[in-house]
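Just so you know, residue 1 is the first one in the sequence shown, and it goes up from there.
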Amino acid sequence: MSSVADQACYTLINIPVDAEPLNELQLKQDLEKGNVAVKTEALKKTIHMIINGERLPGLLMTIIRFVLPLQDHTIKKLLLIFWEIVPKTTADGKLMQEMILVCDAYRKDLQHPNEFVRGSTLRFLCKLKEPELLEPLMPAIITCLEHRHSYVRRNAVLAIFTIYRNFEFLIPDAPELIAKYLESEQDMSCRRNAFLMLLHADQSKALSYLAACLDQVPTFGDILQLVIVELIYKVCLANPAERARFIRCIYSLLNSPSAAVRYEAAGTLITLSSAPTAIKAAASCYIELVVKESDNNVKLIVLDRLVAMKENPNHEKVLQDLVMDILRVLGSPALEVRTKTLSLAMDLVTSRTIDEMVQLLKKEIVRSTGGGQEDANKYRQLLVKTLHSCSIKFPDVASTVIPVLTEFLSENNEAASSDVLVFIREVIQRFDNLRPLIIEKLLEVFSQIRSVNIHRGALWILGEYATSRDDIENVMVRIRSVLGDLPLIDAENKRHAGETTTEGDENMQANPAQLVTSDGTYASQSAFSTASSGKKEEKRPALVQYMMDGDFFISAALSTTLSKLALRYKEMEKDSKKSKKMQVESMLIMSSLLQFGRSGLPTKAITHDDVERISICLRSLACPTTVVENVFTHGCRDALGKMLTAKADEETQNQKAKEKPSNVVQVDDPISFLQLTKGSELSDGTGDVFEQSLSAAVAGRAGGEKELPTPNALSKVTQLTGFSDPVYAEALVHVNQYDIVLDVLVVNQTEDTLQNCTLELATMGDLKLVERPQPIVLAPRDFASIKANVKVASTENGVIFGNIVYDVTGAASDRSVIVLNDIHIDIMDYIVPATCTDTEFRKMWAEFEWENKVSVLTNMSDLRAYLAQLLKNTNMRCLTPEKALSGQCGFMAANMYAKSIFGEDALANLSIEKPLNKPDDAPIVGHIRIRAKSQGMALSLGDKINFAQKKSTYKQTKVVHAG
């Protein structure tokens, strides 16, 4: 069955939405009696009407008689579009008689003196599917191969290629003709088209031509070189013996001026040869492409090729020597390119190149310090993480990295500073020899830190790892200098009194006063200068300023640090006076913090939790016990060690999961040769090799085991109308990233012919209908397939709705309408599991504006089973470690994360528990909180969870009733 919807479309024409309704009679008059401009507009309107499904058989002869003889170039171009879309056959499939006149017009245009007319006609002939029209034109097409203009010649080659591929009987000697033509042709575009034809039509002739001019290939144009690379790849893949013949040619193309040729040549070289020199040459070519190309998409594509090369163990060894060349890509300003480059370099770095890589990264840190943009901050944070990984992977370089990274603690970029603290904490725990250096650098930068969170982390590290007497004393001196005078209330009152005095002095007249300096000379001073200098001197210390702003969590952290230092100093110092002095000084600071928090001077009073924590620290120093001392001096470090060990184990498991399983063959395993195997041996242990291969290919199961059902295309079918409707319709939904293709089957269930049967669709949400489906004619009991394309812009629940309208032949009534069922687009097709760190999760959770809280409604009583079902229904990944979820407990909390193909993030927090005082099989209760940057993402995921819960609950209830 053939219909308008099944015909191939080569040309798309924009149709104005507000176009006026057209009159066939008026069009006929304009085509007959109008001037060239009027006929041009009338022909455009005719083309629009035919594209919209209108059939205008009465205008065909009018156009042949009054428009076809015109020599205007615009008219001729429009006529080519018209002949492309107009029906050329009758209902029984025979060629219309009028087409003989059109064929004669084609022949005249192929002999036209103007090269544009000839070339356009040749391009049009590539689209014809009627051999009856092409047969009388073959001599004129072949003659065009000798035309003086290259535009005509290259289109003549394409026309011959297309006709030979579709209707070989019309020109059976096309390969010989084109091979002879190629020997004398000089234009590069014509040679490219001719060579392309020989590549697909007769590879032997293409190889003969290539062998004759192999040394001249580097001088060819890029369009011809690309086709040559394609030919070499196909020939060498089919016949590996030809590799040595053409490998030198591929090497020479690695130096081509065209980036596209170099890219294809490098990919072909990797496929054809596994020699280290070839792999190195191809990798170097890729690296040069990434460095020199300005388009970020090109950079990312080529970097992906390098990442794919790394997966091959043989290629990885070669790439390891090029890691410094790969790091040249860091000159790109795009953060995504830098991220992928650092990740690749981190996988390839070895002990031989780690020192050079660290030096380069340190220079990058210094170079990126000046910028204050968001990308610059993220880049510095990325460099810190990379240096962190380098130091853990290669401990010898940690000593050179630490001085550079500690300088980050005094920057305003809190994210990078936090990463530095994580790095320092892990290094100081793993490597004892680096502890003195880290303590020294921390003490140097401690007073310059500007963030309360960084100060708090630095205090923890100093309190935990200052283990010698000198270190403890130095830390205590630095804390006292950062806190200022004690008690804090008196110091703040003095500061406040000084500010009040200065403000009063500012209200006085600025009369200069004579002062005597240290060298006996006189100096003038005014009240304004006194006020400004007084303000500058009375600036609060950093820790006091945090508490003045109401952040007393730093005071609790400081108290814990002082307790650790005092208790550790007591164990090491034999002089009781010194140890008691340290203990009393620590208690003085703690009591001062408590008093300051309750004084009312800060903007916010100290919280009850902070008061309790400081009080516990005071009691631990006043009445120390063995249990308390162990908690303060050893417990925290033991907990950190366990956490780092668990983290390392998790990374090792993830690394093993990423590695491809290899087939291990033992040296004494027997080798089975099918030709040497007896028929009796086929039925025992091993079986037929061919049969085994076939079973593996089709995933067959031995022993008559029942096949598991696999999802197929029919699961995506949506019924649009009822079985009793005059027109039955159902849609098969194909989702491919940003595109949705609806393949709608339309069946005429009546005995009438349905004219202008049109599928009218509309969308809701971020969906956009690309083009309107064309009307079709359905014979009685006939069917047709209509395709519609929909573009997707974001991850939201989209709905496609519409109706089918048609006219019944011979009926006087209005058009009939059938309303269609809605098609709901599943957002799960656009959401993929993703992973992120805890820090990134918390940051996104705080930044995202939209939250959707979903109540847990289920009949399930197992917490882990519900989590598994939720992850399956939402395509999210659980970020909470398995160890945190293991064990028997009455409640569960888990974080989940997913990302859409549009770059949208979706976070979820699951909090569920078993209800108290109820049986063990009672349904669990709780909530799921979803957060996203856009409202649509949060609502869509919530709707998906609610729908999945209702569906699951209904199934379980149905099973219970059936039981």
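Using a 4.5 Å heavy-atom cutoff, the side chains of Ile279 and Asn312 are not in contact. Looking at Arg305 and Met309, their side chains never come closer than 4.5 Å, going by heavy atoms from C-beta outward. For the pair Leu387/Phe423, no side-chain contact is recorded, criterion being any heavy-atom separation below 4.5 Å from C-beta on. Taking 4.5 Å as the limit, every side-chain heavy atom of Cys390 sits out of range of all side-chain heavy atoms of Val401. Contact annotation: the side chain of Val290 never approaches that of Arg328 to less than 4.5 Å [non-hydrogen atoms, C-beta and beyond]. You'll find the side chain of Ile392 reaches within 4.5 Å of the side chain of Val427, heavy atoms only. Contact annotation: the side chain of Met346 approaches that of Thr386 to within less than 4.5 Å [non-hydrogen atoms, C-beta and beyond]. Side chains of Thr400 and Lys362 form a contact here, defined as non-hydrogen atoms less than 4.5 Å apart.
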(request) Would you sort out whether Arg191 and Tyr209 count as a side chain to side chain contact (heavy atoms under 4.5 Å, CB included), showing the intermediate values? (result) CA-CA 11 Å; Arg191 294 169 72 180; Tyr209 172 77; 2.8 Å; yes
(request) Would you sort out whether Ile247 and Leu269 count as a side chain to side chain contact (heavy atoms under 4.5 Å, CB included), showing the intermediate values? (result) CA-CA 7 Å; Ile247 200 77; Leu269 184 60; 3.6 Å; yes
(request) Decide yes or no on side chain to side chain contact (heavy atoms under 4.5 Å, CB included) for Val337 and Leu330, but give the supporting numbers first. (result) CA-CA 8 Å; Val337 175; Leu330 293 178; over 6 Å; no
(request) In sequence, state the C-alpha distance, the side-chain angles, and the governing distance for Ile438 and Tyr465, and then conclude on side chain to side chain contact (heavy atoms under 4.5 Å, CB included). (result) CA-CA 9 Å; Ile438 294 176; Tyr465 294 98; over 6 Å; no
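Side-chain atoms of Arg877 do not come within 3.5 Å of backbone N or O of Tyr897 as any donor-acceptor pair. The backbone N or O of Gly267 sits less than 3.5 Å from a side-chain atom of Thr271, completing a donor-acceptor pair. At distances below 3.5 Å, at least one donor-acceptor pair connects side-chain atoms of Asn193 with backbone N or O atoms of Arg154. The backbone N or O of Asn895 lies less than 3.5 Å from a partner atom in the side chain of Thr880, making a donor-acceptor pair. Between the Ser343 side chain and the Thr339 main chain, no donor and acceptor come within less than 3.5 Å of each other. A donor-acceptor contact shorter than 3.5 Å is absent between the side chain of Arg425 and the backbone of Ile461. Lys299 places a side-chain N or O within donor-acceptor distance of the main-chain N or O of Glu293, the cut-off being under 3.5 Å.
Met197 pairs in a side-chain contact (heavy atoms from CB on, under 4.5 Å) with only one of the listed residues (Ile178, Leu158, Leu182), which is Ile178. Between Tyr286 and the options Val291, Leu322, Asp325, Val302, a side-chain contact (heavy atoms from CB on, under 4.5 Å) holds for only Val302.
Between Glu230 and Lys234 there is a salt bridge, with a side-chain nitrogen of the basic residue lying less than 4.0 Å from a carboxylate oxygen of the acidic one. Glu185 and Arg192 are not joined by a salt bridge, as no carboxylate oxygen comes within less than 4.0 angstrom of a charged side-chain nitrogen. Using a 4.0 Å cut-off between charged nitrogen and carboxylate oxygen, Asp347 and Lys310 count as a salt-bridge pair. Salt bridge status for Glu840 with Lys385: present, with a side-chain N to carboxylate O gap under 4.0 Å.
In this structure, Ala206 and Leu231 approach most closely via the heavy-atom pair CB-CD2, 3.9 Å. Here the closest heavy-atom approach between residue Val217 and residue Gln225 is recorded as O-NE2, 3.0 Å. Scanning all heavy atoms of the two residues, the minimum distance from Leu253 to Ala265 falls at CB-CB, 3.9 Å. In this structure, Cys836 and Met844 approach most closely via the heavy-atom pair SG-CE, 4.0 Å. Of all heavy-atom pairs between Tyr251 and Ala281, the closest is CE2-CB, 3.9 Å. Across His388 and Val422, no two heavy atoms sit closer than the pair CE1-CG1, 4.1 Å.
With a 6.0 Å radius and a threshold of 12 heavy atoms from other residues, nucleotides or ligands, Glu336 has its CD atom at or below the threshold. Around atom NZ of Lys340, more than 12 heavy atoms belonging to other residues, nucleotides or ligands sit under 6.0 Å away. No more than 12 heavy-atom neighbours from other residues, nucleotides or ligands sit within 6.0 angstrom of NZ on Lys363. Counting non-hydrogen atoms of neighbouring residues, nucleotides and ligands closer than 6.0 angstrom, the CZ atom of Arg165 exceeds 12 such neighbours.
Between Lys899 atom NZ and Leu907 atom CG the span is 11.0 Å, to the nearest 0.5 Å. Expressed to the nearest 0.5 Å, how far CG of Leu421 lies from CD1 of Ile428 amounts to 11.0 Å. A distance of 6.0 Å separates CG of Leu344 from CG of Leu306, quoted to the nearest 0.5 Å. Distance NZ/Lys280 to CD1/Ile287: 10.0 Å, rounded to 0.5 Å.
For the residue pair Glu264 and Tyr233, no side-chain donor N or O sits within less than 3.5 Å of a side-chain acceptor on the partner.
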